[in-house]
Amino acid sequence: MGFHFTPLLLTLLLFSTLHSRSSSQTFKCSTPTTCHSLIDYISPNTTTFSHIKTLFSVKNIHSILAANNLPLSTLPNSTIPANQPIKISFPCMCINNTGHSNKQPIYTVQKDDGLSHIATEVFSGLVTYQEIAAVNNIPDVNLIKVGQKLWIPLPCNCDDVDGVKVVHYGHVVEAGSSLELIAQAYGTSTDTLVKLNGVNDSSLLAGQVLDVPLQACNSSVRSDSVDYPLLVPNNTYFFTANNCVKCKCDAANNWTLQCEASGIKPSNWSTCPAMQCEGGLLSIDNSTTSGCNVTTCAYAGFIKNQSIFTTLATRSACPVTAAPGSYASRTGLSWNYLFISLHLILLLVYLL
């Protein structure tokens, strides 16, 4: 006797097949440490920044705006269209060769929730229900309680890439994309993506979370600072020193981190301390010019006793001139000799 599939049964089978192929990707890291990472969140429905802030246990909406290079004036209840990627900045920890978000976000189980629903629907497939069960020591995935607090282990990484410190970004792959297109978009190489993720174009799936390393701007932050190493990727900004300092990365500025007083309320201090360089003549992000040398008062880190470090950073704005014997110098001399020789030839022709 043959099987007869009703439309409803076919729909249920298709739904089960689609959701058995998780888009989540475990990120491997070799060095036990902590850092900050980014990940895409794509809501299937219209949402708000306020909702995303709550869902991902983000302390301040400013960090979401900063990760997406949006104006600080953006309101918490501003709507975000369905299926629009929003980058989330979160603390990452690497342990046992695996990177997970550091004890956050914390999700409170609602009525009729199941681990599969939480993983695939609420958090859009950024994790699997098995990963949620493992980190929360849940022996039976079918037994969770309303009001129960669950740690959602977002994938992340803290490792250097080819000896360079980077910000690891959990990029959700779009339909029709490729490793080459992703590498070009984010300033990395196809080989690096293959090495980090163990995938190729034939195994790349839409919705998969891919570990993409982002180059960060150079900073003057000291190694004894709480926020060392301060890594801010291109076209983003970041709040540090208990929200007293805002640092922005723009590749057009020679990949040099630009930090200034944030102008917002500090998170753990009553007020923000003074941010002036030695001598008190320059405040943070202020510059002075002497000849063609530009000296800037740069942010250099902070410690917990309400102290912010600064340093004077000098760069040359002088036009670059060719050194004697260099290619440019030799080329310039060659043209000069040619010009003089032509004039001598014309003069001889005229005299004859």
Side-chain angles (χ1 to χ4, degrees), residues 3 5-30 32-35 37-45 47 51-59 82-83 86 88-158 168 170-173 197-199 203 205-211:
F3 292 100
F5 292 98
T6 65
L8 176 60
L9 182 57
L10 286 171
T11 301
L12 291 173
L13 286 171
L14 178 61
F15 182 85
S16 175
T17 301
L18 288 173
H19 285 78
S20 65
R21 295 176 64 188
S22 170
S23 60
S24 176
Q25 170 85 13
T26 300
F27 288 6
K28 299 297 183 182
C29 48
S30 58
T33 187
T34 59
C35 64
S37 290
L38 294 171
I39 198 167
D40 279 337
Y41 170 66
I42 303 177
S43 173
N45 306 304
T47 187
H51 173 75
I52 293 176
K53 171 182 175 291
T54 301
L55 181 63
F56 285 89
S57 305
V58 177
K59 291 182 179 180
N83 301 314
I86 294 294
I88 309 296
S89 175
F90 63 96
C92 172
M93 67 174 178
C94 287
I95 187 170
N96 296 327
N97 295 320
T98 302
H100 284 145
S101 52
N102 195 352
K103 302 300 181 180
Q104 69 176 69
I106 300 297
Y107 177 76
T108 304
V109 176
Q110 306 296 308
K111 183 181 179 182
D112 298 325
D113 268 347
L115 285 185
S116 180
H117 167 73
I118 294 170
T120 60
E121 304 298 326
V122 177
F123 285 93
S124 299
L126 296 178
V127 294
T128 64
Y129 73 87
Q130 295 96 331
E131 289 168 338
I132 298 175
V135 300
N136 290 281
N137 298 314
I138 299 174
D140 188 341
V141 297
N142 296 308
L143 291 179
I144 56 173
K145 299 178 180 179
V146 173
Q148 185 175 349
K149 305 291 185 181
L150 299 177
W151 163 29
I152 308 300
L154 303 175
C156 58
N157 196 345
C158 294
H168 288 267
H171 169 71
V172 176
V173 178
N197 298 278
V199 297
S203 62
L205 299 174
Q208 181 176 353
V209 185
L210 205 66
D211 185 355

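Scanning all heavy atoms of the two residues, the minimum distance from C158 to T34 falls at SG-C, 3.7 Å. Nearest heavy atom pair, residue A119 against residue V127, reads CB-O, 3.5 Å. When all heavy atoms of K59 and K53 are compared, the pair lying nearest together is O-CE, 3.4 Å.
With a 4.5 Å cut-off on side-chain heavy atoms, N102 and F90 do not count as touching. Between L126 and D40, the closest side-chain pair of non-hydrogen atoms is not below 4.5 Å. Using a 4.5 Å heavy-atom cutoff, the side chains of T98 and K28 are in contact. Q110 is not listed as a side-chain neighbour of D112, based on a closest heavy-atom distance of 4.5 Å or more.
In this structure, cysteines C156 and C92 have SG atoms closer than 2.5 angstrom.
Checked against a 6.0 Å centroid threshold, the rings of F56 and Y41 count as neighbours.
Atom NE2 of H100 and atom SG of C29 lie 9.0 Å apart (nearest 0.5 Å). One finds the CD1 atom of I86 at 13.5 Å from the CD1 atom of I39 (value rounded to the nearest 0.5 Å). To the nearest 0.5 Å, atoms CG (L210) and CZ (F27) are separated by 7.0 Å. S57 OG to K149 NZ: the interatomic distance, rounded to the nearest 0.5 Å, is 9.0 Å. One distance of note links CD1 of I106 with OG1 of T108; it measures 8.5 Å at 0.5 Å rounding. Note: S43 OG to I52 CD1 = 7.0 Å, rounded to the nearest 0.5 Å.
Applying the side-chain hydrogen bond (donor to acceptor under 3.5 Å, both in side chains) rule to Y129 yields no partners; only residues at least two apart in sequence or on another chain are considered. Legend: residues meeting side-chain hydrogen bond (donor to acceptor under 3.5 Å, both in side chains) with N157, ordered by chain and number and at least two apart, are D211.
Side chain of S203 to main chain of V199: no donor-acceptor pair is present (N/O by atom type, distance under 3.5 Å, no hydrogens or angles). Judged by distance alone, with hydrogens and angles left aside, the side-chain atoms of S101 form a donor-acceptor pair with the main-chain N or O of I152 at under 3.5 Å.
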Could you go through residues 133-147 and list every donor-acceptor pair under 3.5 Å that involves a side-chain atom there, pairing it with any protein atom two or more places apart or in another chain?
| from | atom 1 | to | atom 2 | distance (Å) |
| --- | --- | --- | --- | --- |
| N136 | OD1 | W151 | N | 2.9 |
| N136 | ND2 | I132 | O | 2.7 |
| N136 | ND2 | W151 | O | 2.9 |
| D140 | OD1 | N142 | N | 2.9 |

